[in-house]
There are 2 protein chains.
Amino acid sequence: MPHSATPTKRPNAYSNILQKATPMFAAQGYSGVSMRDISKKVGTSAAALYHHFPNKQRLYLAVMEHVFADKVENIVNSLDRTSPPQNQLTQFVSHFVALMGNDLSLRTLLQRELLDGDEARLKLLTERLFVGPFEAIASFAKNLSSKSDPYMLAISMVGLIIFHFETAPIREYLSDSDRPENDFELISNHVTQLLSSALGANQ
Amino acid sequence: MPHSATPTKRPNAYSNILQKATPMFAAQGYSGVSMRDISKKVGTSAAALYHHFPNKQRLYLAVMEHVFADKVENIVNSLDRTSPPQNQLTQFVSHFVALMGNDLSLRTLLQRELLDGDEARLKLLTERLFVGPFEAIASFAKNLSSKSDPYMLAISMVGLIIFHFETAPIREYLSDSDRPENDFELISNHVTQLLSSALGANQ
DNA sequence: ATGACCTTACTTAACGTTTGTTAAGGTGGC
DNA sequence: GCCACCTTAACAAACGTTAAGTAAGGTCAT
């Protein structure tokens, strides 16, 4: 073989492991996935993983960092602070719906962390990643309504969106009506309308 | 010992095991808790558990049934279908907030099931337990607003409440303002107000 | 260009522990 | 004597992790 057939074939085992491990941890949780499980998916031995990560905990942490980095920060970048708060609301909702809908691992790991995360890790994650977007959301929430606490409102907005994805697997059993596909736009519109009629009315 | 000192001291090992295992599964998840962990908490040997349950899976399922039974059904009973929908909304929200706030295991196991539950178990749980309350909520939601899909609205209501509890552990790191205690009434009022101003306005 | 040397990336084997589960037997109330 | 209820001991498998060795490739003085 003279030179690599595929031009950019240097998968960098490290990030390849992260990539393979991410959906596994998302689907089965930390203690539901063994190092041997991961090694099988990657196609190496279990011991090889220890060449790249000191132990399982640190591998998991690296997965978290890999998943959350950038993506969460992009929320604050996607908001145009100069536009009227109503527009910012619409912007945020459609952006966040797309984020949660397209990245199953991100949403699942986020919810797992809220369930399983010890205090120290939750504090770290929150301060390093969540505070920024949260403040940005609360900021335009404050301009939307003087009636509600903007911080509670921000939590409500996020929860509203996430729960529609969380309940997606049981939706078809909940109501016998032939539901349409789990359409992002359906959720996006529903949430936007609910929030804007809640906040637009009694400002 | 002539007769039992404490009058009703017949703990019925079976339900005692369930009682001890419930918060453990809620906190650590299915694969995070071993049969020996449970046996230690109960105060017996691990093998003793197999006298009451055929295996770990069935023990877990019994825990689920034990936790969800009654409590979830009570939601539909707590609703007075004859009162105006606005009152039903207030009733439901305060009842559901109390339920989620007072029973940590219930909420946590519910969320774990939505994350981990295989299709078959989710279908079973939904049809046997969730459909009733869900229809009841959707029913008064339909009378509240003709604008939104009542089924999506019902999901929104539940998600709104649950997420405020889900994010409770990171709340203090999210905003530096000295938050009050995680007050049920605070959440209850916030959600009720948000929903009623959303739905009362453009009926 | 060669050999010595180092680093990187992996391998197979094995360690001690924990896992779910079973077998075999004992004890106390009916 | 029987049955509900528990015990201790053990099983094979899977767990996280480590040890030791090897093959490939780059570096560098000679």
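Counting heavy atoms from C-beta on, the side chains of A:D149 and B:H190 never come closer than 4.5 Å.
In this structure, B:R128 pairs ionically with B:E65, as a charged nitrogen and a carboxylate oxygen lie closer than 4.0 Å. Ion pairing of B:E135 with B:K142 is absent here, as no side-chain N (NZ or NE/NH1/NH2) approaches a carboxylate O to less than 4.0 Å.
In this structure, A:Y60 places its OH atom 20 Å from C1' of D:dT17, rounding to the nearest Å. Remark: P of C:dT19 and CD of B:Q57 are 17 Å apart, rounded to the nearest angstrom. In this structure, OH of B:Y30 is placed 11 Å from C1' of C:dT19, rounded to the nearest angstrom. To the nearest angstrom, P of D:dA13 lies 17 Å from CG of A:D37. Across the protein-nucleic acid pair, B:M35 atom CE and C:dG20 atom P stand 7 Å apart, rounded to whole Å. Counting to the nearest Å, the C1' atom of D:dC6 and the CZ atom of B:R36 are 16 Å from each other. Following rounding to the nearest Å, B:Q28 (CD) and C:dT19 (C1') show an atom-to-atom distance of 16 Å. Distance CZ (B:F25) to C1' (C:dG20): 12 Å, rounded to an integer number of Å.
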Between the protein and nucleotides 10-12 of chain C, are there any N/O to N/O pairs under 3.5 Å, and if so, what are the atom names and distances?
{"unit_1": "C:dC10", "atom_1": "OP2", "unit_2": "A:H52", "atom_2": "NE2", "d": "2.8"}
{"unit_1": "C:dT11", "atom_1": "OP2", "unit_2": "A:S45", "atom_2": "N", "d": "2.8"}
{"unit_1": "C:dT11", "atom_1": "OP2", "unit_2": "A:S45", "atom_2": "OG", "d": "2.6"}

Report task. Verify salt bridge (Lys or Arg N to Asp or Glu O under 4.0 Å) between B:K123 and B:D118, making sure each step is shown before the conclusion. Result -> CA-CA 9 Å; B:K123 181 173 180 175; B:D118 57 86; over 6 Å; no

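Contact annotation for B:V33: backbone-only contact, meaning every heavy-atom pair under 4.0 Å involves sugar-phosphate atoms and none involves a base.
Under the 3.5 Å distance criterion, the side-chain polar atoms of B:Q88 are matched with a main-chain donor or acceptor of B:S83.
More than 12 heavy atoms of other residues, nucleotides or ligands sit less than 6.0 Å from atom CZ of A:R121.
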